[in-house]
Amino acid sequence: MAAPGAGNPVDSKSGKAPVAQRIDPTREKLTPEQLQFMRQVQLAQWQKTLPQRRTRNIVTGLGIGALVLAIYGYTFYSVSQERFLDELEDEAKAARARALERASGH
């Protein structure tokens, strides 16, 4: 008797094509040929999706890099806009000048 799913691709009873079954190689006893065939199919599927995955990875990496550079640039920009330390230094200079005037008696 032929293996299930082998031979005629259309089931004569229902008129539908057989559906692939998910196989867990750790639970079912598979021959080395079947395991090798599974590896070949997995490799073929992986190679088929590799260019698409590579493109998505590049786009994602560029997006993350752009976000990091934008945050870095914005941080430098916002820090350069902060003038409160300059104002504090000006006030400190004025206070020192007033203290020197008082100390000199003028």
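Rounding to the nearest 0.5 Å places NZ of Lys29 at 11.0 Å from CG of Leu35. Taking CG of Leu43 as the start and CG of Leu50 as the end, the distance is 10.0 Å to the nearest 0.5 Å. In this structure, CG in Leu69 is found 12.0 Å from CD1 in Ile64, a value given to the nearest 0.5 Å. Summarising the geometry, atom CZ belonging to Arg96 is positioned 8.5 Å from atom CD belonging to Glu89; distances are rounded to the nearest 0.5 Å.
Between the side chains of Gln42 and Arg39, no donor-acceptor pair of N or O atoms lies under 3.5 Å.
Taking the six-membered ring where the residue is Trp, Tyr72 and Phe76 present perpendicular rings, their angle passing 60° and hence far from 30°.
You'll find the side chain of Met38 reaches within 4.5 Å of the side chain of Leu30, heavy atoms only.
Of the possible donor and acceptor atoms, one in the side chain of Gln34 sits under 3.5 Å from a partner among the backbone N and O of Thr31.
With sequence neighbours left out, Arg53 forms a side chain to side chain donor-acceptor pair (under 3.5 Å) with Thr49. In this view, Arg56 and Gln52 satisfy the side chain to side chain contact (heavy atoms under 4.5 Å, CB included) rule, not counting sequence neighbours.
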